[in-house]
Amino acid sequence: MIQVGAATLHVGVTGDGPDVVVLTGGPGCVQYLEGDDLAPREHRAWYPELRGVGRSGGGPHTMEEAIADLEGIREAVGVGTWIVVGHSWGCDLGVRYAVEHPEAVAAVVGIAGRGPQRDRTWSEAYESGKPTEPLVEIAWAPDVHAALSASFTDWIHRPNLWRELATCDVPMHFIAAGNDIRPSWSIEQVAALVPRGRFSTVPGVPHDFWFTHPEVWTKTITNACTAS
(Lines give C-alpha, C1' and ligand atoms only; values in the text may rest on other atoms or scores of the structure.)
Protein backbone atom coordinates (compact mmCIF):
# COMPACT_ATOMS: atom_id res chain seq x y z
CA MET A 1 0.00 0.00 0.00
CA ILE A 2 1.51 3.32 -1.09
CA GLN A 3 0.33 6.72 0.07
CA VAL A 4 0.00 9.20 -2.79
CA GLY A 5 -1.54 12.46 -1.65
CA ALA A 6 -4.74 11.71 0.22
CA ALA A 7 -5.17 8.22 -1.26
CA THR A 8 -3.65 4.90 -0.26
CA LEU A 9 -3.05 2.89 -3.42
CA HIS A 10 -2.62 -0.86 -3.77
CA VAL A 11 0.36 -1.86 -5.92
CA GLY A 12 1.31 -5.47 -6.62
CA VAL A 13 4.83 -6.41 -7.69
CA THR A 14 6.46 -9.56 -9.02
CA GLY A 15 9.69 -10.63 -10.70
CA ASP A 16 13.18 -9.18 -11.12
CA GLY A 17 14.79 -7.20 -13.89
CA PRO A 18 14.03 -3.96 -15.74
CA ASP A 19 10.95 -2.25 -14.35
CA VAL A 20 7.54 -2.43 -16.02
CA VAL A 21 4.29 -0.84 -14.87
CA VAL A 22 1.14 -2.60 -16.07
CA LEU A 23 -2.07 -0.62 -16.62
CA THR A 24 -5.52 -2.14 -17.03
CA GLY A 25 -8.51 -0.96 -19.03
CA GLY A 26 -12.03 0.18 -18.42
CA PRO A 27 -11.42 2.81 -17.42
CA GLY A 28 -12.11 1.99 -13.82
CA CYS A 29 -11.55 -1.78 -13.85
CA VAL A 30 -9.78 -3.60 -11.06
CA GLN A 31 -6.20 -4.71 -11.66
CA TYR A 32 -7.04 -7.86 -13.65
CA LEU A 33 -3.53 -8.35 -15.05
CA GLU A 34 -1.82 -8.86 -11.69
CA GLY A 35 -0.37 -12.34 -11.45
CA ASP A 36 2.89 -14.22 -11.81
CA ASP A 37 1.58 -16.22 -14.77
CA LEU A 38 0.75 -13.06 -16.74
CA ALA A 39 3.91 -11.12 -15.90
CA PRO A 40 6.64 -10.36 -18.45
CA ARG A 41 9.53 -12.74 -17.88
CA GLU A 42 12.90 -11.39 -16.69
CA HIS A 43 11.31 -8.08 -15.64
CA ARG A 44 10.05 -6.59 -12.39
CA ALA A 45 6.38 -5.80 -12.96
CA TRP A 46 4.36 -3.31 -10.93
CA TYR A 47 0.55 -3.51 -10.85
CA PRO A 48 -1.13 -0.35 -9.54
CA GLU A 49 -4.86 -0.30 -8.89
CA LEU A 50 -6.45 3.06 -9.74
CA ARG A 51 -7.65 5.22 -6.90
CA GLY A 52 -11.24 4.50 -6.05
CA VAL A 53 -11.02 0.98 -7.53
CA GLY A 54 -10.68 -2.40 -5.82
CA ARG A 55 -8.16 -2.34 -2.99
CA SER A 56 -7.14 1.31 -3.46
CA GLY A 57 -8.59 4.22 -1.55
CA GLY A 58 -9.84 7.46 -3.03
CA GLY A 59 -12.58 7.96 -5.58
CA PRO A 60 -13.41 9.44 -8.99
CA HIS A 61 -10.53 11.34 -10.58
CA THR A 62 -9.12 12.66 -13.86
CA MET A 63 -6.45 11.34 -16.20
CA GLU A 64 -4.15 14.06 -14.85
CA GLU A 65 -4.60 12.67 -11.35
CA ALA A 66 -4.12 9.09 -12.56
CA ILE A 67 -0.80 10.08 -14.11
CA ALA A 68 0.21 11.96 -10.97
CA ASP A 69 -0.54 8.77 -9.02
CA LEU A 70 1.75 6.78 -11.33
CA GLU A 71 4.51 9.31 -10.76
CA GLY A 72 3.93 9.19 -7.02
CA ILE A 73 4.19 5.40 -7.06
CA ARG A 74 7.31 5.43 -9.24
CA GLU A 75 9.07 7.83 -6.89
CA ALA A 76 7.91 5.98 -3.76
CA VAL A 77 9.31 2.63 -4.94
CA GLY A 78 12.56 4.19 -6.17
CA VAL A 79 12.22 3.45 -9.89
CA GLY A 80 14.06 5.77 -12.27
CA THR A 81 12.31 4.84 -15.51
CA TRP A 82 9.96 2.05 -16.45
CA ILE A 83 8.30 0.50 -19.46
CA VAL A 84 4.55 1.12 -19.53
CA VAL A 85 2.43 -1.84 -20.61
CA GLY A 86 -1.19 -0.81 -21.11
CA HIS A 87 -4.14 -2.96 -22.10
CA SER A 88 -7.28 -1.45 -23.67
CA TRP A 89 -7.87 1.96 -22.04
CA GLY A 90 -4.62 1.44 -20.14
CA CYS A 91 -2.87 1.81 -23.52
CA ASP A 92 -4.37 5.27 -23.95
CA LEU A 93 -3.41 6.29 -20.42
CA GLY A 94 0.11 5.03 -21.09
CA VAL A 95 0.42 7.12 -24.24
CA ARG A 96 -0.59 10.28 -22.42
CA TYR A 97 1.78 9.41 -19.56
CA ALA A 98 4.66 9.09 -22.02
CA VAL A 99 3.82 12.40 -23.72
CA GLU A 100 3.70 14.28 -20.44
CA HIS A 101 6.53 12.47 -18.61
CA PRO A 102 9.01 11.21 -21.23
CA GLU A 103 11.77 11.33 -18.62
CA ALA A 104 9.99 8.59 -16.65
CA VAL A 105 8.78 6.32 -19.46
CA ALA A 106 11.39 4.15 -21.17
CA ALA A 107 8.88 2.79 -23.68
CA VAL A 108 5.18 2.12 -24.18
CA VAL A 109 3.74 -1.27 -25.08
CA GLY A 110 0.09 -0.62 -25.88
CA ILE A 111 -2.15 -3.64 -26.42
CA ALA A 112 -5.64 -3.44 -27.95
CA GLY A 113 -6.01 0.26 -27.24
CA ARG A 114 -8.75 2.59 -28.42
CA GLY A 115 -6.53 5.45 -29.52
CA PRO A 116 -7.26 9.14 -28.91
CA GLN A 117 -10.62 9.28 -30.70
CA ARG A 118 -14.37 8.98 -30.32
CA ASP A 119 -15.07 8.20 -33.97
CA ARG A 120 -18.66 7.21 -34.76
CA THR A 121 -17.77 4.42 -37.18
CA TRP A 122 -15.32 2.93 -34.66
CA SER A 123 -18.03 2.93 -31.99
CA GLU A 124 -20.58 1.40 -34.37
CA ALA A 125 -18.21 -1.46 -35.21
CA TYR A 126 -17.57 -2.04 -31.51
CA GLU A 127 -21.26 -2.07 -30.58
CA SER A 128 -22.21 -4.38 -33.45
CA GLY A 129 -19.50 -6.87 -32.49
CA LYS A 130 -20.36 -7.11 -28.79
CA PRO A 131 -22.59 -10.21 -29.11
CA THR A 132 -19.66 -12.17 -30.57
CA GLU A 133 -17.05 -11.17 -27.99
CA PRO A 134 -15.98 -13.73 -25.35
CA LEU A 135 -17.53 -12.79 -22.01
CA VAL A 136 -14.99 -11.92 -19.32
CA GLU A 137 -16.34 -10.80 -15.94
CA ILE A 138 -14.26 -7.92 -14.53
CA ALA A 139 -15.22 -5.83 -11.51
CA TRP A 140 -15.24 -2.08 -12.09
CA ALA A 141 -16.16 1.19 -10.41
CA PRO A 142 -18.84 3.07 -12.42
CA ASP A 143 -18.11 6.46 -10.83
CA VAL A 144 -14.40 6.18 -11.62
CA HIS A 145 -15.25 5.01 -15.14
CA ALA A 146 -17.47 8.06 -15.73
CA ALA A 147 -14.90 10.54 -14.42
CA LEU A 148 -12.01 9.10 -16.43
CA SER A 149 -14.12 8.81 -19.58
CA ALA A 150 -15.02 12.50 -19.34
CA SER A 151 -11.36 13.39 -18.75
CA PHE A 152 -10.34 11.28 -21.77
CA THR A 153 -12.76 13.27 -23.94
CA ASP A 154 -11.27 16.53 -22.68
CA TRP A 155 -7.78 15.26 -23.51
CA ILE A 156 -8.54 14.21 -27.09
CA HIS A 157 -10.18 17.60 -27.72
CA ARG A 158 -6.98 19.51 -26.92
CA PRO A 159 -5.85 21.61 -29.90
CA ASN A 160 -2.21 20.59 -29.44
CA LEU A 161 -2.85 16.83 -28.98
CA TRP A 162 -1.48 15.68 -32.32
CA ARG A 163 1.55 17.98 -32.14
CA GLU A 164 2.43 16.54 -28.73
CA LEU A 165 2.17 13.00 -30.09
CA ALA A 166 4.19 13.82 -33.20
CA THR A 167 7.05 15.20 -31.12
CA CYS A 168 7.12 12.52 -28.40
CA ASP A 169 10.37 10.57 -28.74
CA VAL A 170 9.41 7.71 -26.41
CA PRO A 171 9.42 4.35 -28.28
CA MET A 172 5.86 3.03 -28.63
CA HIS A 173 4.86 -0.43 -29.83
CA PHE A 174 1.14 -0.81 -30.45
CA ILE A 175 -0.18 -4.36 -30.63
CA ALA A 176 -3.63 -5.29 -31.92
CA ALA A 177 -5.53 -8.47 -31.08
CA GLY A 178 -6.37 -10.08 -34.41
CA ASN A 179 -9.93 -11.06 -33.47
CA ASP A 180 -10.74 -7.92 -31.50
CA ILE A 181 -14.14 -6.43 -32.30
CA ARG A 182 -12.54 -3.00 -31.84
CA PRO A 183 -11.07 -1.64 -35.10
CA SER A 184 -7.30 -1.21 -34.96
CA TRP A 185 -6.96 1.69 -37.42
CA SER A 186 -6.88 4.26 -34.63
CA ILE A 187 -3.81 2.81 -32.93
CA GLU A 188 -2.21 2.16 -36.32
CA GLN A 189 -2.52 5.90 -36.94
CA VAL A 190 -0.78 6.72 -33.67
CA ALA A 191 1.97 4.21 -34.42
CA ALA A 192 2.54 5.93 -37.77
CA LEU A 193 2.51 9.38 -36.18
CA VAL A 194 4.89 9.09 -33.24
CA PRO A 195 8.57 9.27 -34.24
CA ARG A 196 9.50 5.86 -32.80
CA GLY A 197 6.22 4.03 -33.31
CA ARG A 198 5.64 0.44 -34.36
CA PHE A 199 2.48 -1.56 -35.02
CA SER A 200 1.93 -5.33 -35.04
CA THR A 201 -0.94 -7.80 -34.69
CA VAL A 202 -1.30 -10.99 -32.68
CA PRO A 203 -3.43 -13.22 -34.95
CA GLY A 204 -6.33 -15.31 -33.77
CA VAL A 205 -6.88 -13.80 -30.32
CA PRO A 206 -9.68 -11.60 -28.91
CA HIS A 207 -9.45 -8.34 -26.99
CA ASP A 208 -8.99 -10.00 -23.60
CA PHE A 209 -6.46 -12.60 -24.70
CA TRP A 210 -4.75 -12.25 -21.34
CA PHE A 211 -7.78 -14.33 -20.19
CA THR A 212 -8.45 -16.59 -23.17
CA HIS A 213 -4.84 -17.17 -24.28
CA PRO A 214 -2.65 -16.37 -21.23
CA GLU A 215 0.43 -18.07 -22.65
CA VAL A 216 0.20 -15.92 -25.80
CA TRP A 217 -0.25 -12.82 -23.66
CA THR A 218 2.83 -13.56 -21.57
CA LYS A 219 4.98 -14.29 -24.61
CA THR A 220 3.72 -11.14 -26.38
CA ILE A 221 4.46 -8.71 -23.57
CA THR A 222 7.74 -10.40 -22.69
CA ASN A 223 8.99 -10.07 -26.27
CA ALA A 224 7.77 -6.48 -26.55
CA CYS A 225 9.31 -5.41 -23.25
CA THR A 226 12.60 -7.14 -24.03
CA ALA A 227 12.76 -5.44 -27.44
CA SER A 228 12.08 -2.10 -25.78
Side-chain angles (χ1 to χ4, degrees), residues 21-29 32-33 50 62-64 66-67 70 83-102 105 107-130 132-133 136 138 140 144-203 205-210 217 220-221 224-225 228:
V21 61
V22 183
L23 309 179
T24 50
C29 287
Y32 53 79
L33 295 172
L50 292 174
T62 64
M63 289 184 79
E64 292 92 336
I67 290 169
L70 291 174
I83 299 167
V84 178
V85 172
H87 175 251
S88 195
W89 190 84
C91 168
D92 305 317
L93 179 61
V95 168
R96 180 169 177 178
Y97 183 23
V99 167
E100 297 181 1
H101 291 278
V105 179
V108 173
V109 177
I111 303 176
R114 177 190 185 106
Q117 53 80 26
R118 288 205 182 278
D119 181 83
R120 183 178 300 171
T121 62
W122 189 97
S123 297
E124 289 172 350
Y126 168 60
E127 291 297 332
S128 65
K130 275 186 176 180
T132 67
E133 189 169 46
V136 181
I138 302 172
W140 60 295
V144 175
H145 173 87
L148 287 172
S149 293
S151 181
F152 173 80
T153 300
D154 291 341
W155 174 54
I156 65 175
H157 287 170
R158 286 185 177 183
N160 62 343
L161 169 68
W162 301 106
R163 182 178 298 277
E164 289 178 340
L165 288 170
T167 56
C168 180
D169 200 44
V170 175
M172 300 188 192
H173 183 182
F174 297 95
I175 303 172
N179 290 351
D180 200 341
I181 63 172
R182 298 153 186 79
S184 64
W185 58 258
S186 53
I187 56 172
E188 289 186 69
Q189 287 180 330
V190 178
L193 175 64
V194 296
R196 302 173 69 185
R198 178 187 172 197
F199 176 81
S200 64
T201 300
V202 180
V205 297
H207 183 75
D208 290 309
F209 70 98
W210 58 272
W217 169 269
T220 298
I221 63 168
C225 288
S228 297

Problem - From CG (Asp92) to CD1 (Ile156), nearest 0.5 Å - result: 9.0 Å
Handout entry: Val84 side chain near Val109 side chain, heavy-atom distance below 4.5 Å
Key = no
Handout entry: Chi angles and distances behind the side-chain contact (heavy atoms from CB on, under 4.5 Å) call for Ile67, Leu93
Key = CA-CA 8 Å; Ile67 290 169; Leu93 179 61; 3.8 Å; yes
Practice task
Please test Thr220 against Trp217 for side-chain contact (heavy atoms from CB on, under 4.5 Å), starting from the C-alpha separation and ending with a verdict.
Solution key: CA-CA 5 Å; Thr220 298; Trp217 169 269; 5.8 Å; no
Problem - Asp119 and Trp185: CA distance, side-chain angles, deciding distance, side-chain contact (heavy atoms from CB on, under 4.5 Å) verdict - result: CA-CA 11 Å; Asp119 181 83; Trp185 58 258; 3.6 Å; yes
Exercise for the section: For residues Arg114 and Cys91, determine if any side-chain heavy atom of one lies less than 4.5 Å from a side-chain heavy atom of the other. Expected result: no
Handout entry: Over all atoms of both residues, closest heavy-atom pair of Gly26 and Cys29
Key = CA-SG, 3.6 Å
Exercise for the section: Indicate yes or no for a side-chain donor-acceptor contact from Ser149 to the backbone of His145 under 3.5 Å, with no hydrogens or angles considered. Expected result: yes
Handout entry: 4.5 Å side-chain heavy-atom contact, Asn179 and Val205
Key = no
Handout entry: Whether Ser228 side chain and Ala107 backbone form a donor-acceptor pair below 3.5 Å
Key = no
Exercise for the section: Decide whether Ser123 and Arg118 meet the rule of one side-chain donor and one side-chain acceptor closer than 3.5 Å. Expected result: no
Exercise for the section: Evaluate the side-chain proximity of Ser88 to Ile111: yes if any heavy-atom separation is below 4.5 Å, no if none is. Expected result: no
Exercise for the section: Would you list the pairs meeting salt bridge (Lys or Arg N to Asp or Glu O under 4.0 Å) in which at least one residue belongs to residues 163-188, sequence neighbours left out? Expected result: Glu133-Arg182, Asp169-Arg196, Asp180-Arg182
Exercise for the section: Measure up the Tyr32 and Trp210 rings against each other and bin them: parallel (under 30°), tilted (30 to 60°), perpendicular (over 60°). Expected result: parallel
Exercise for the section: Apply salt bridge (Lys or Arg N to Asp or Glu O under 4.0 Å) to Glu64 and Arg158, showing your working. Expected result: CA-CA 14 Å; Glu64 292 92 336; Arg158 286 185 177 183; 3.7 Å; yes
Practice task
Side-chain contact test, heavy atoms from C-beta onward, threshold under 4.5 Å: evaluate it for Ile221 versus Val22 and give yes or no.
Solution key: no
Handout entry: Lys/Arg N to Asp/Glu carboxylate O, Arg96 vs Glu100, below 4.0 Å
Key = yes
Practice task
Please name the pair of heavy atoms, one in Val85 and one in Cys225, separated by the smallest distance, quoted to 0.1 Å.
Solution key: CG2-SG, 3.6 Å
Handout entry: Test item: His87 side-chain N/O and His207 main-chain N/O as donor-acceptor pair under 3.5 Å
Key = yes
Problem - Check: Pro183 main-chain N/O paired with Trp122 side-chain donor or acceptor under 3.5 Å - result: yes
Practice task
Under the side-chain contact (heavy atoms from CB on, under 4.5 Å) rule, what do Trp89 and Leu148 come out as? Steps first, then yes or no, please.
Solution key: CA-CA 10 Å; Trp89 190 84; Leu148 287 172; 4.0 Å; yes
Exercise for the section: Evaluate the ring pair (Phe, Tyr, Trp, His ring centres under 6.0 Å) criterion for residues Phe199 and His173: first the C-alpha distance (whole Å), next the side-chain angles of each, then the deciding distance (0.1 Å), finally the verdict. Expected result: CA-CA 6 Å; Phe199 176 81; His173 183 182; 8.3 Å; no
Practice task
Identify the two heavy atoms, one from Ile175 and one from Val202, that lie closest to each other, and give their separation to 0.1 Å.
Solution key: CG2-CG2, 3.6 Å
